[in-house]
Amino acid sequence: MLIGFTTAKANHLATEDYNYNVTLENEIFNLEEQSEANWQALAVDQIQEPTLEDTKKMNVLLYREDSYNAGSTSSDAIEIRFTINGFNGLDDRDAPKMNNVDENLARIQDGELLVLENRAFPEADENLQLFMNQFSTTNYVLKFILPEFEDVKLKLVDNYTNVSHDLPTGESTVNFVLDNSNASQAYNRFSLVFEPITLSTVNYANKAKVSLYPNPVKSNYFYVEVPSNSNADVLVEIFNAQGRKVKTQVFKNQTSNTIKVDNLNLTQGVYYFKIQGKHNLNVTKKFIKS
């Protein structure tokens, strides 16, 4: 049995009834009746919004096929936000799923059903289990709105048909059909799986080649080892544990494999270091300032 959120937390996120319209990539959701409580949980004034500017958002929408073909609204939807300071367990940035009368779509995380989830940036071999139940017909459409991910690609795995669907950046859809079998209608029929992208030697496996030392950082500087950048500029950014940018530095015409990042002026705590440059150099590392 799936464990529910506490009543107090659910009541905090699902406030008094009202209509709230959300515009999402040209999709307008009229939040009424049983779907209203779920979409209230997505309202900006109800959720602690990540402050980091490069949050990546992924949306999954469930339609009855006839509703999708008629240009009608979805039966249910979820949003997953990937942030530099994201947490793959449960925290206050996640919003619980409220039950609909008809179709339900949610993410299962640690036994909880979520309509809004905050996570760290995805890595290869991550498996995100979806939840669906209370089907009212047999033909459905899943719509995906995906950001561009770095180093990974996303697939939808149908555990009933054993078919995997590649999901490209932007909008895409996957149709599925229910039959009379219990497996066809299983709540955990679908999952989202991240797989590694095979890059050329020039474009990398650079993440493994980027290192930061010393870590923990005891002084007012640290060093970063990177592949040669061939006279390219390198952008360095540092974020605190709350996702707020605390330092930006550009290294012009960088040729050395070693970069000294100094004048940190950081208090003790956990930080995230992001480096960007030529040849798809785009790596984030966690470090500690002691």
Side-chain angles (χ1 to χ4, degrees), residues 22-31 35 38-39 42 54-83 86 97 100 102-109 113-133 135-179 184-199 203 280 282:
V22 177
T23 302
L24 174 64
E25 298 288 339
N26 298 322
E27 290 285 342
I28 300 177
F29 302 97
N30 184 20
L31 311 181
S35 295
N38 289 323
W39 283 108
L42 292 179
D54 56 351
T55 296
K56 294 181 181 290
K57 296 181 180 181
M58 176 173 74
N59 295 91
V60 185
L61 302 89
L62 174 64
Y63 292 85
R64 300 178 188 125
E65 189 178 79
D66 56 353
S67 296
Y68 181 81
N69 292 337
S72 187
T73 57
S74 63
S75 298
D76 210 352
I78 62 172
E79 180 168 293
I80 303 175
R81 298 175 182 176
F82 300 91
T83 62
K97 164 73 176 158
N100 290 339
D102 292 320
E103 291 86 357
N104 286 291
L105 170 65
R107 257 278 298 135
I108 305 176
Q109 179 63 44
L113 296 182
L114 304 176
V115 64
L116 173 63
E117 181 181 17
N118 178 272
R119 298 181 62 84
F121 288 134
E123 296 185 356
D125 301 323
E126 280 191 51
N127 188 318
L128 307 185
Q129 182 65 59
L130 297 180
F131 172 94
M132 284 184 282
N133 73 349
F135 299 105
S136 62
T137 185
T138 58
N139 292 59
Y140 287 91
V141 177
L142 281 169
K143 179 178 179 179
F144 299 88
I145 304 174
L146 305 185
E148 183 176 1
F149 294 111
E150 298 161 5
D151 302 333
V152 291
K153 58 184 178 181
L154 186 60
K155 287 189 173 184
L156 176 72
V157 177
D158 187 334
N159 299 306
Y160 174 59
T161 63
N162 292 319
V163 174
S164 295
H165 305 269
D166 291 324
L167 301 177
T169 299
E171 295 188 7
S172 61
T173 58
V174 174
N175 292 61
F176 68 97
V177 178
L178 306 181
D179 56 37
S184 166
Q185 303 178 41
Y187 75 87
N188 59 349
R189 174 173 169 173
F190 292 99
S191 56
L192 296 168
V193 178
F194 287 96
E195 296 184 342
I197 296 175
T198 303
L199 301 174
N203 284 340
N280 288 341
N282 192 334

Keeping the roles fixed (side chain from Glu171, backbone from Lys143), state whether a donor-acceptor pair exists under 3.5 Å. no
Quick check on side chain to side chain donor-acceptor pair (under 3.5 Å): which of Asn100, Asn104, Asn188 does Asn133 satisfy it with? Asn104
Evaluate the side-chain proximity of Arg119 to Arg107: yes if any heavy-atom separation is below 4.5 Å, no if none is. yes
Would you check if Phe194 and Leu128 make a side-chain contact, meaning some heavy-atom pair closer than 4.5 Å? yes
What's the shortest heavy-atom distance between Pro122 and Phe82, and which atoms? CD-CD2, 3.5 Å
Tyr68/Thr173 under side-chain contact (heavy atoms from CB on, under 4.5 Å): CA gap, chis, key distance, verdict: CA-CA 10 Å; Tyr68 181 81; Thr173 58; 3.4 Å; yes
Which heavy atom of Ser67 sits nearest to which heavy atom of Thr73, and what is that distance? CB-O, 4.2 Å
Side chain Arg189, main chain Ser184, donor-acceptor under 3.5 Å: yes
Are the side chains of Ile108 and Tyr187 in contact, using a 4.5 Å heavy-atom criterion? yes
Kindly indicate whether the side chain of Thr55, heavy atoms from C-beta on, has any atom under 4.5 Å from the side chain of Asn118. no
OG of Ser164 to CG of Asp158, rounded to nearest 0.5 Å, is 8.5 Å
Show the nearest heavy-atom pair for residues Ile78 and Leu114, with the distance to one decimal. CG2-O, 3.9 Å
Check whether any side-chain heavy atom of Leu61 lies under 4.5 Å from a side-chain heavy atom of Leu142, and answer yes or no. no
How long is the straight-line distance from CD of Gln129 back to CG of Asn159, given to the nearest 0.5 Å? 6.5 Å
Kindly compute the distance separating CZ (Arg64) from CG (Asp102), expressed to the nearest 0.5 Å. 5.0 Å
I want to check something: taking the side chain as every heavy atom from C-beta on, are Ser74 and Leu62 in contact at a cut-off of under 4.5 Å? no
If you count heavy atoms of other groups shown closer than 6.0 angstrom to CG of Asp125, is the number above 12? no
What pair of heavy atoms forms the shortest contact from Ser172 to Leu167, and how long is it? OG-CD2, 3.9 Å
Would Phe176 and Tyr160 satisfy ring pair (Phe, Tyr, Trp, His ring centres under 6.0 Å), going step by step from the backbone distance to the final call? CA-CA 10 Å; Phe176 68 97; Tyr160 174 59; over 10 Å; no
Gln185 side chain to Asp179 backbone, donor-acceptor under 3.5 Å: yes
Reported CD-to-NZ distance for the pair Glu195 and Lys153, which is rounded to 0.5 angstrom: 5.5 Å
Value rounded to 0.5 Å, distance of CG in Leu178 from CG in Asn139: 8.0 Å
Locate the shortest heavy-atom distance separating Glu126 from Phe121; write the atom from each residue and the value. OE2-O, 3.9 Å
Test item: Tyr140 and Glu103 side chains (from C-beta on) under 4.5 Å apart, heavy atoms: yes
Shortest non-hydrogen separation from Phe144 to Leu192 and the atoms involved: CE2-CD2, 3.9 Å
Check whether any side-chain heavy atom of Ile80 lies under 4.5 Å from a side-chain heavy atom of Val60, and answer yes or no. no
